[in-house]
Amino acid sequence: MTLRLTNTLTRRLEAFEPLVPGQVSIYCCGVTVYDLCHLGHARSYIAWDVLRRYLQWRGYAVTFVQNVTDIDDKILARAATEGSSMEAVSERNIREFQTDMAALGILPPDRLPRATRCLDGIRQMITELEASGAAYSADGDVYFSVLKKADYGKLSGRSLEEQQEGASGRMGEAEEARKRHPFDFALWKGAKPEEPSFPSPWGPGRPGWHIECSAMVRQELGDTIDIHLGGADLIFPHHENEIAQSEVATGQALARFWLHNGMVNVGGEKMSKSLGNFTTIRALLNSGTTPMTLRLLVLQAHYRKPLDFTAAALEAAATGWKGLNAALLVGDQQAAALGWPAATATSAICGSAQADSVDPAAPLEEARQRFSDAMDDDLNTSAALAVLFELARPLRSLANRLERGDAASGADDDLRKRWLLLRELSAVLGLVAELPATEAAAPGAGGPSEADIQAVIEARRLAKASKDYATADGLRDQLRSAGIELIDRPTGLTEWIRK
RNA sequence: GGCGGCAUGGCCAAGUGGUAAGGCAGAGGAUUGCAAAUCCUUUACCCCCAGUUCGAAUCUGGGUGCCGCCUCCA
């Protein structure tokens with residue numbers, strides 16, 4: 001089966017074939033670095049990370065470029081507020097962005113161009129647009145004339161005639177007056193006093209928002225790329241304008257496939273800075289949610305649909321991941337008991353998994369096929385996850401039997417192959433086993449020390465041995481109220497976890 | 001006002017013509033001194049009305065509700 005993707009340009013499911021056989025060029029609209037990323041960004045970049053991993057798994061050589069908008073009104077405003085500079089705000093938030101992405105297991109882009117470092121390409125493109133008559137200057141600003149692009153609106157499905165009415169009166173009056181058409185947009189903005197600026201043939205200023213992506217795509221990947229990615233909220237005007245600029249400048253189609261992810265909602269409304277209903281990735285991870293839990297939460301829904309972020313959904317994902325994680329860890333934690341060759345939990349990350357793949361003739365091939373078919377169907381990760389959970393079930397069962405000292409049954413080679421396949425397919429979704437948190441990392445503020453806990457456990461063990469269950473239960477409750485849950489293993493050992 | 005999307009069990013969510021994947025929660029069971037944790041089993045008149053069809057969650061028309069975009073936004 002071939003991979004089929006919903007192309008926003010045609011609003012249809014289309015078979016994907018790259019321009020150059022075996023190679024895929026991808027451009028992903030990145031962040032404006034004025035603040036920490038929130039869950040909307042996480043959802044988007046997790047989805048595209050999975051697209052990238054899947055293409056690689058299918059054998060394509062993928063070049064993945066993501067931009068950073070490091071000059072913008074919000075960055076300037078933030079710099080003014082904190083009394084620093086645009087560069088300081090940008091630099092800091094780029095690092096924060098990279099930290100968050102790494103935490104979520106999102107593969108770093110092959111190149112991460114910044115607007116302020118692509119000014120030559122930007123000025124070049126504006127000059128070309130001016131020469132072709134599609135751009136005009138007005139009071140130090142340069143605008144793109146949408147009437148010069150015959151098919152303007154083809155991505156978002158709107159026509160200039162129909163939209164004119166609704167658009168008027170929404171922009172600043174001064175800017176409105178300089179434009180020839182309400183939809184015309186700035187390619188270059190003349191600098192206001194005191195603002196950082198860059199020289200240009202049109203006077204000091206800075207690039208408009210849309211032009212940087214057009215220039216970067218051309219600079220990094222060429223005139224026509226295979227896939228352009230972004231959030232659905234970028235379809236209009238951002239991507240529409242990118243298309244207009246690039247296609248007038250190059251005479252070529254900008255991107256063959258346009259993919260857009262659905263929004264993250266909170267209480268049915270879009271998560272956004274302006275509504276103040278956002279949760280940063282940082283805050284979520286600090287509150288105890290693991291990266292893989294968030295990944296599972298995101299991948300349980302189809303990437304194009306809205307995703308409602310709720311505490312209940314998060315909890316369900318956490319429990320779900322716990323089960324999958326247990327299955328992924330079976331081979332590592334029980335390798336000795338099973339007599340399997342040892343493997344480390346990290347070896348399955350990303351592309352390396354395929355080297356250890358299962359025998360194509362094995363019956364498990366059917367599961368691999370179902371996974372592949374699901375992903376081919378416009379990245380149906382929800383259906384792909386169902387395959388993972390089904391693969392995991394016997395492994396979890398095996399772990400249960402091992403724990404009860406009943407290892408003999410089923411600890412065979414088929415199960416090992418199943419485990420390897422689970423690891424391989426999970427890695428395609430970026431789902432990689434998380435080792436249990438080390439206790440050293442957990443205690444933090446106020447909790448009882450490990451030595452204290454062991455002391456109580458020993459006291460309880462003695463109480464139990466003398467059948468003094470009242471005392472034993474009292475000790476257990478005591479720890480429970482301190483956030484420590486005890487787990488009596490069949491072996492007689494008592495383990496504990498911090499909740 | 002214009003453009004687009006979505007409505008499936010208690011919750012989340014696949015499924016685009018042949019009588020409903022998966023996850024969470026719930027229930028029953030195994031295990032346990034009792035728990036917890038774990039494993040096993042189990043739970044659906046697919047928003048409404050009309051139509052097409054031998055047959056529709058799935059196609060067509062109408063309705064209702066919700067969301068996104070049209071301004072910065074992943």
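Keep in mind it's a predicted model, so treat the numbers as computed, not measured. Chain naming here is simple, since letters A, B, ... match the order of the sequence lines and numbering starts at 1 in each. Computation of the quantities below employed the complete heavy-atom set of this structure, encompassing side-chain atoms and omitting hydrogens, waters and symmetry-equivalent molecules.
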- When you check every protein heavy atom under 4.0 Å of nucleotides 20-32 of chain B, what one-letter string (B, S, -) results, 5' to 3'? -BSSSS----BS-
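Across the P atoms, B:U52 and B:A14 are found 32 Å apart, a figure rounded to whole Å. Separating the C1' atom of B:C49 from that of B:G65 is a span of 15 Å, rounded to the nearest Å. With P as the reference atom, B:C66 and B:G61 are 23 Å apart, rounded to whole Å. Between B:A44 and B:U71, the two C1' atoms lie 44 Å apart (nearest whole Å). Only the C1' atoms considered, B:G26 is 15 Å distant from B:C12, to the nearest whole Å.
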Where do N or O atoms of nucleotides 15-17 of chain B meet protein N or O atoms at under 3.5 Å, pair by pair?
unit_1, atom_1, unit_2, atom_2, d
B:G15, OP1, A:Asn380, ND2, 3.0

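Of the candidate nucleotides B:G2, B:A74, B:C34, B:C34 has the atom nearest to the side chain of A:Arg460. For A:Arg489, the listed nucleotide lying nearest its side chain is B:A37; candidates were B:A37, B:C70, B:A74. When distances are taken from the side chain of A:Arg476 to each of B:A36, B:C69, B:G33, the shortest belongs to B:G33.
The residue A:Lys464 sits close to a base: some heavy atom pair falls under 4.0 Å. Among the atoms of the strands shown, base atoms are found under 4.0 Å from some heavy atom of A:Tyr469. If you check every strand for non-hydrogen atoms under 4.0 Å, A:Gly40 touches a base.
Sorted by first and then second residue, the ring pair (Phe, Tyr, Trp, His ring centres under 6.0 Å) pairs with a member in residues 365-402 of chain A read A:Trp57-A:Phe371; sequence neighbours excluded. Among pairs with a residue in residues 296-324 of chain A, none fulfils salt bridge (charged side-chain N to carboxylate O under 4.0 Å, His left out), at least two apart in sequence or across chains.
Applying the Watson-Crick and G-U wobble criteria (two distances, each under 3.5 Å), B:C66 pairs with B:G5. In a base pair of the Watson-Crick type (N1 to N3 plus N6-O4 or O6-N4) or a G-U wobble (N1-O2 and O6-N3), with each distance short of 3.5 Å, B:C45 is matched with no nucleotide.
A donor N or O paired with an acceptor N or O is not found under 3.5 Å between the base of B:G68 and the side-chain atoms of A:Asn265. The base of B:A74 is not paired with the side chain of A:Arg43 by any donor and acceptor separated by under 3.5 Å.
With sequence neighbours excluded, no residue forms a side-chain hydrogen bond (donor to acceptor under 3.5 Å, both in side chains) with A:Asn277. Looking at residues two or more places apart in sequence or on another chain, you find a side chain to side chain contact (heavy atoms under 4.5 Å, CB included) between A:Asp488 and A:Arg460, A:Lys464, A:Thr494.
For the OP1/OP2 pair of B:C69 and a distance below 4.0 Å, the side-chain nitrogens and oxygens of A:Lys270 include at least one atom meeting the criterion.
Between A:Arg489 and A:Glu495 there is a salt bridge, since a side-chain N of the basic residue sits under 4.0 Å from a carboxylate O of the acidic one.
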